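What you see below is based on every heavy atom in this structure, not just the backbone, and it leaves out hydrogens, waters and symmetry mates. Remember, it's a predicted structure, so these values are computed and weren't measured experimentally. Note that the numbering runs from 1 along the sequence shown for the chain.
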Amino acid sequence: MAKHSVLLLLMMLATSMTTSSMATRKLMFLVTPQPNLLTYHNGAVLSGDIPVSILWYGRFTPAQKAVVSDFLLSLSAAPREAPAPSVSQWWSRIHRLYLSKAVAQTSGKNGAHGGAVKNARVVLGGQVSDEGCSLGKRLKLSQLPALAAMARPAKGGIALVLTAQNVAVEGFCMSRCGHHGSDARARTAYAWVGNSATQCPGQCAWPFHQPVYGPQAPPLVPPSGDAGMDGVVINVASMVAGAVTNPFGDGFYQGDRGAPLEAATACPGVYGKGAYPGYAGQLLVDKATGASYNAHGARGRKYLLPALFDPDTSACSTLV
């Protein structure tokens with residue numbers, strides 16, 4: 001009798017363990033990890049008039065400076081100044097996809113009815129040149145705030161630090177093509193981008209240079225004729241988009257706050273429809289020069305701009 005009782009107890013225990021195991025597996029199936037999406041973290045964003053001051057660190061030719069300054073002017077150019085698709089249309093998506101939502105969410109949480117947020121209008125401020133490289137030609141990231149201060153940014157604005165092709169910056173080419181940060185006390189943001197023409201054009205000026213790794217397709221023709229500076233524009237666009245939507249580290253981003261994916265950096269290598277690793281996508285081609293681009297700028301300029309991540313669709317939105 002005792003033997004039968006022990007056998008019955010073992011059978012009941014085995015059945016219980018099997019049922020528990022099945023329930024656990026079922027629970028694990030139902031509770032799947034949620035994707036880490038690019039979201040708003042309730043912090044400040046930049047809007048209204050955003051003065052951008054430039055520090056040219058090292059030697060840049062007047063033609064090279066014009067490529068960047070005309071791009072910044074194009075961000076807020078009137079529609080009549082550039083045909084579609086235009087740089088200003090690309091910039092207007094920053095307002096639609098990010099800034100307007102930040103104000104709506106903040107107003108809703110405060111129990112108030114928020115009015116329309118002012119469009120972010122880039123205003124080109126002062127430009128300072130340091131051809132002699134007063135802090136040397138090998139820089140650490142910790143020196144960028146000091147360089148940004150040399151540009152004398154206005155409150156609520158951005159200091160844009162551009163380093164010449166013979167200036168090495170910590171992590172440049174190895175892990176970054178640009179960087180942005182802020183001075184929280186002064187309520188200003190800064191962005192840095194380096195000219196990669198001689199250091200790593202295959203990484204920071206792609207697709208205007210053959211990539212370091214992957215398929216070795218022929219490089220595209222740069223709109224300005226200067227692959228390094230057209231690469232600078234791509235990265236300036238990415239960094240300024242990040243500085244406006246996530247200026248102090250608590251705005252729009254995905255992933256680790258210390259190494260976030262932001263409005264443009266969440267779409268690496270995507271410039272036109274059908275893009276995939278090693279292929280920039282379907283782009284426009286200038287019949288006269290053969291240059292590839294996706295946006296018209298002011299003063300007849302043409303530029304290649306990165307796709308912007310659309311938080312509503314979780315997809316990269318391109319101009320073409």
Side-chain angles (χ1 to χ4, degrees), residues 41 43-46 50 52-60 64 68 72 125 127-206 212 228-229 231-266 268 306:
H41 294 78
V45 296
L46 302 184
I50 303 174
V52 176
S53 305
I54 305 176
L55 171 66
W56 302 96
Y57 191 80
R59 187 176 182 280
F60 291 85
Q64 289 177 323
V68 176
L72 294 173
Q127 301 185 48
V128 178
S129 293
D130 185 357
E131 288 194 4
C133 298
S134 58
L135 298 185
K137 293 184 178 180
R138 299 188 67 85
L139 303 172
K140 294 187 176 297
L141 286 180
S142 59
Q143 293 176 286
L144 293 181
L147 290 175
M150 292 170 61
R152 297 188 289 273
K155 185 176 181 180
I158 300 172
L160 179 59
V161 177
L162 300 176
T163 51
Q165 61 186 26
N166 62 341
V167 176
V169 179
E170 179 184 4
F172 186 42
C173 299
M174 301 298 293
S175 59
R176 58 178 61 88
C177 298
H179 174 76
H180 76 84
S182 64
D183 182 339
R185 290 175 298 179
R187 304 303 287 175
T188 60
Y190 69 83
W192 155 74
V193 171
N195 183 350
S196 65
T198 57
Q199 297 186 53
C200 57
Q203 180 174 340
C204 296
W206 184 85
V212 178
M229 292 309 297
V232 165
V233 168
I234 290 172
N235 294 305
V236 165
S238 295
M239 292 301 105
V240 171
V244 168
T245 58
N246 187 33
F248 306 115
D250 54 5
F252 288 90
Y253 67 89
Q254 170 184 339
D256 190 316
R257 177 173 176 169
L261 291 177
E262 298 170 326
T265 56

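Counting only distance, with no hydrogens or angles, the side chain of Glu170 and the backbone of Leu141 share a donor-acceptor pair below 3.5 Å. Using modelled atom types, no side-chain atom of Gln203 and backbone atom of Cys200 make a donor-acceptor pair closer than 3.5 Å. Using modelled atom types, no side-chain atom of Ser182 and backbone atom of Phe248 make a donor-acceptor pair closer than 3.5 Å. Looking only at distances, a side-chain donor or acceptor of Asp130 sits under 3.5 Å from a matching main-chain atom of Ser134. The backbone N or O of Glu262 lies less than 3.5 Å from no partner atom in the side chain of Gln254, so there is not a single donor-acceptor pair. With Arg59 contributing its side chain and Gly132 its backbone, the two residues share no donor-acceptor pair below 3.5 Å. Checking side-chain atoms of Tyr57 against main-chain N and O of Leu135 turns up a donor-acceptor pair under 3.5 Å. Distance alone, capped at 3.5 Å, is enough to place a donor-acceptor pair between the Asn246 side chain and the Gly251 backbone. No donor-acceptor distance shorter than 3.5 angstrom exists from the side chain of Arg138 to the backbone of Val167, with no hydrogens or angles considered. A distance-only check finds a donor-acceptor pair linking the side chain of Thr245 to the backbone of Ala241 [under 3.5 Å].
Put simply, CG on Asn235 and NE2 on His179 are 13.5 Å apart, with the number rounded to the nearest 0.5 Å. Interatomic distance, CG of Leu55 versus CD of Gln127, reported as 10.5 Å (0.5 Å rounding). Separating the OG1 atom in Thr198 from the CG atom in Asn166 is a distance of 7.0 Å, to the nearest 0.5 Å. Distance check: Phe60 CZ to Leu162 CG gives 5.5 Å after rounding to the nearest 0.5 Å.
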Problem - disulfide (SG to SG under 2.5 Å) between Cys173 and Cys204, worked out - result: CA-CA 7 Å; Cys173 299; Cys204 296; 4.9 Å; no
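Pairing each heavy atom of Ala243 with each of Ile158, the nearest pair is CB-CD1, 4.0 Å.
With ring centers used as reference points, His41 lies 6.0 Å or more from Phe252.
The shortest distance between side-chain heavy atoms of Pro145 and Tyr190 falls below 4.5 Å. Side-chain contact between Leu139 and Leu147: present, with at least one pair of heavy atoms (C-beta onward) separated by less than 4.5 Å.
Residues in residues 130-178 take part in these ring-ring contact (aromatic ring centres under 6.0 Å, His included) pairs, two or more places apart or across chains: Phe172-Trp192.
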